[in-house]
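Residue numbers run from 1 in the order of the sequence given.
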Amino acid sequence: MFRQIIGKIKSNPLRLAFSGAVVVLLGVLTIFAWDGITKRLLICVGLTVLSGLALLAPRLPNRISLPLLAVYLYYVPLKIFQRMELPMHDMSRIMDGVTELTIAFIICAYLVIFLFTQSSAVALGAGSAFFLVLFLVEYYIWKFRGDFLMPNDLGAAGTAISVMGNYNYGLSPEALYSVIYFLFFIILGSRIRIKMSRWVHVGVSVLAALLIGGWYYTVMDLPNPLGKEFVVNYWNIGDTRNLNGACMSYFWLLKDRKVDVPESYSEKALAVIAQAAAADYEMPGKTQQGPDIIMIMNEAWSDLRVLGNLETTQAYMPFVDQISENALRGNLYVSILGGLTANSEFEGLTGNSLSLLSPTVIPYQNQVQHDMPSLARVLKAQGYETMAMHPSGEYTWNRKRVYTYFGFDTFIHQGVWEVPYEYVKGFISDACNYREIVHRYETRNRDAPFFLFDVTIQNHGGYYGEVPMDIDLVRVGETAAEEAGNLYDVQTYLNLIKISDDAFRELVSYFEQVEDPVLLCMFGDHQPILGDSFYEAVFAGQNLSEHEKNLRKYIVPYVIWANYEVDWKEYGDMSANYLPAVMMECAGLPLPPFYQYLMELKEEYPVLTRRGCLGRDGQLADIADLWDEEPIYQYRMLQYNQLYEKDYMEEIFVETKRDEG
């Protein structure tokens, strides 16, 4: 063998050069992966040397390749599972049966590639390369969003690419350790080439197809695979990975995507619900003329004080904190954290709730496939000109298509921006965004009331870069800021919120001078993810349950303001799905029956989110506990009609009856 290796080197010096380059690469990775643990250093060095030798080795005969294949399939899938998970959590809570199903999935992935290539070397090498890529994707999703790859994330890839330059892509030593293992598995697998006759190929292919089909049936069709009951933690979806691992979490969520038609669902039943809502609903007030409406969903706009005590050198939301004349403020509960902006947008524009859908779905990618009701369509039916605006690409989150389905007349995106660009850390600033709003307002059609829905982007994740740092964080809970962790990210974020506050103050100042009545609403889409050490510090000493801690991460502010005298009732804290109905009430406009129903539902369940629900008594519950309660059951039927029926009932969701009295 040794002489053969020497002969191969002499006859092909490029192989030696390539092997040397791989050894150097793995050696560099070893330097950064070593965190002081001697055992890890020895393993990395061993994998580096073995990788170099494997690349230099001649083609192995079957008598060596077959036992090596058996060892590979016995050892590598388990190690891949471990190395995919350990950089994110310690695997101590992995449920019984998950390891076996994940190992079987990894082997099935090899078999799928074998079916297409009929090569053991390609199957093992490319299969391990696939899991390396999957691991890196999972790692960065965990790092930036706090959860794992979900079924609809592939549909969101374009949006992710558009903002990927604003993140830090460094790998932890633990993650680099995994990369070294994966590279070794790729190299070793690509050297295991089994010679097979035609009929052996056929037999192995048939067996592979049967094994793949058996795994799919076991996981996707059986209610309890391996006779075990697996748990998906819907109120803390990131924790689902700790229970099931990334691979099986993906398949459990994929399995839950199917939406069943609610029992007793019919148009007649919906009409009865709508009639009852109309009979019970009482409009709190009205205006002589529908005001122009500006609705802003501010990217990652949140007040971190909802988590616990934060002491800063100066206020970071001074304007919003003091606004009170002709204004309402409160907490808005959402279903997302750190990303998936379009999901809060969906709730805030349609009145539908993500709590009634699988956690895997992104409605902008899946459910919105035809014309459907929205606040824009309701206002358009009342004579409004409707405009959507976002300072990014027109195709992010499918917005160009979705806004058409929602009934917007116009979509203003970055490509048709008309005021000069101004950036903060690579994104168009809130101030620039609001100047565009003013420009569009001043050039609007003055013969019709005007509705503009805007999504900002300034505070998007990636909290570093050229941001004026005027505010310092002093304490987090009872912990000194420098000891709480993630100090730079948190301080950068707070300074961005101050910049947003200043921009909003300027926008309000402009509309204070406008003679026509204007209703202005701003709300956040989600909080940022700020790291475990920060959360531990801010929650310390509050005696909160894990469910309560988690729910606080899903609270953002909302503020509604008018440039005219108002006599609004207090709406208090609520979830984002109630915003369209609340906006219509504040504007003094007649509500369609669906919005009337929402205002009645809000009295019973002011908060309905994937992460938790709050009843009027303040008791925290999971949506699964309320699933068959009559108000929630009716809500499910109403939502189903909008999302899945092309011929939805306009008389319930769009049409209104004006009070002629």
Side-chain angles (χ1 to χ4, degrees), residues 43 47 65-116 120-139 142 148-149 151 174-175 177-190 192 194 204-205 207-232 240-255:
I43 290 174
L47 294 176
S65 293
L66 285 171
L68 190 57
L69 173 65
V71 172
Y72 192 96
L73 293 178
Y74 176 79
Y75 176 78
V76 171
L78 173 60
K79 201 65 180 179
I80 283 179
F81 176 42
Q82 294 171 342
R83 293 320 315 166
M84 285 186 66
E85 301 297 330
L86 286 172
M88 277 68 81
H89 62 107
D90 62 11
M91 300 184 70
S92 62
R93 297 174 59 209
I94 289 291
M95 299 183 68
D96 188 26
V98 166
T99 299
E100 291 82 357
L101 290 173
T102 304
I103 289 173
F105 167 68
I106 293 169
I107 293 174
C108 284
Y110 291 141
L111 294 176
V112 168
I113 298 173
F114 176 80
L115 286 176
F116 284 98
S120 59
V122 174
L124 298 177
S128 294
F130 165 77
F131 285 105
L132 170 59
V133 173
L134 181 60
F135 161 70
L136 292 173
V137 170
E138 292 282 0
Y139 178 80
W142 168 79
F148 52 90
L149 183 70
E174 189 75 32
Y177 186 45
S178 290
V179 169
I180 293 171
Y181 260 109
F182 279 110
L183 291 174
F184 171 69
F185 295 151
I186 293 169
I187 293 168
L188 180 61
S190 66
I192 303 175
I194 308 297
V204 173
S205 297
L207 179 61
L210 291 174
L211 290 173
I212 294 167
W215 182 90
Y216 184 87
Y217 171 77
T218 299
V219 171
M220 302 302 291
D221 290 342
L222 294 181
N224 296 305
L226 305 182
K228 303 179 186 301
E229 185 174 352
F230 296 94
V231 175
V232 176
T240 296
R241 178 187 195 132
N242 299 335
L243 300 173
N244 301 288
C247 293
M248 295 315 301
S249 294
Y250 181 96
F251 285 106
W252 299 148
L253 294 177
L254 185 65
K255 190 175 180 178

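For the atom pair Leu183 CG and Ser128 OG, the distance stands at 10.0 Å (nearest 0.5 Å). From Phe114, atom CZ reaches atom OG of Ser205 across 4.5 Å, with rounding to the nearest 0.5 Å. Between the CG atom in Leu188 and the CG atom in Leu68 there is a gap of 5.5 Å [rounded to 0.5 Å]. From Met95, atom CE reaches atom CG of Leu243 across 6.5 Å, with rounding to the nearest 0.5 Å. To the nearest 0.5 Å, atom CG of residue Leu124 and atom CD1 of residue Ile187 are 14.0 Å apart.
Scanning for ring-ring contact (aromatic ring centres under 6.0 Å, His included) contacts around Phe182 gives Phe135, with sequence neighbours left out. When the ring-ring contact (aromatic ring centres under 6.0 Å, His included) test is applied to Tyr72, no partner is found at least two apart in sequence or on another chain. Scored by the salt bridge (Lys or Arg N to Asp or Glu O under 4.0 Å) test, Asp90 finds no partners at all (sequence neighbours excluded). By the side chain to side chain contact (heavy atoms under 4.5 Å, CB included) test, Val71 pairs with no residue at all, sequence neighbours left out. Here Tyr110 pairs with nothing under the ring-ring contact (aromatic ring centres under 6.0 Å, His included) rule; sequence neighbours left out. Shown here are the side chain to side chain contact (heavy atoms under 4.5 Å, CB included) partners of Ala208, two or more places apart in sequence or in another chain: Leu111, Leu115.
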Pair up each side-chain donor or acceptor in residues 78-89 with any protein partner under 3.5 Å, not counting sequence neighbours, and list the distances.
from  : atom 1 : to     : atom 2 : distance (Å)
Arg83 : NE     : Ser178 : OG     : 3.0
Arg83 : NH1    : Glu174 : OE2    : 3.4
Arg83 : NH2    : Glu174 : O      : 3.3
Arg83 : NH2    : Glu174 : OE2    : 2.6
Arg83 : NH2    : Ser178 : OG     : 3.2
Glu85 : OE1    : His89  : NE2    : 2.8
Glu85 : OE1    : Arg241 : NE     : 3.1
Glu85 : OE2    : Ala246 : N      : 2.8
His89 : ND1    : Met91  : N      : 3.2

What pairs of donor and acceptor atoms, side-chain ones from residues 98-107 against any protein atom, are under 3.5 angstrom apart with sequence neighbours left out?
from   : atom 1 : to    : atom 2 : distance (Å)
Thr102 : OG1    : Val98 : O      : 2.8

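Contact between Tyr250 and Leu149 at its shortest, heavy atoms only, is CD1-O, 3.3 Å. Nearest heavy atoms, Val219 versus Phe251: CG1-CB, 4.1 Å. Smallest separation of non-hydrogen atoms from Ile194 and Ser65: CD1-CB, 3.3 Å.
Applying the side-chain hydrogen bond (donor to acceptor under 3.5 Å, both in side chains) test to every pair with at least one member in residues 216-226, sequence neighbours left out, gives no pairs at all. Pairs passing the side-chain hydrogen bond (donor to acceptor under 3.5 Å, both in side chains) check and including a residue from residues 179-189, sequence neighbours excluded, do not occur. Sorted pairs that involve residues 102-113 and meet salt bridge (charged side-chain N to carboxylate O under 4.0 Å, His left out), not counting sequence neighbours, are lacking altogether. Applying the salt bridge (charged side-chain N to carboxylate O under 4.0 Å, His left out) test to pairs two or more places apart or on separate chains, none has a residue in residues 209-220.
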Checklist entry - So Leu132 and Phe185, side-chain contact (heavy atoms from CB on, under 4.5 Å) or not? Walk me through it. => result CA-CA 10 Å; Leu132 170 59; Phe185 295 151; over 6 Å; no
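A donor-acceptor contact shorter than 3.5 Å is absent between the side chain of Thr240 and the backbone of Ser249.
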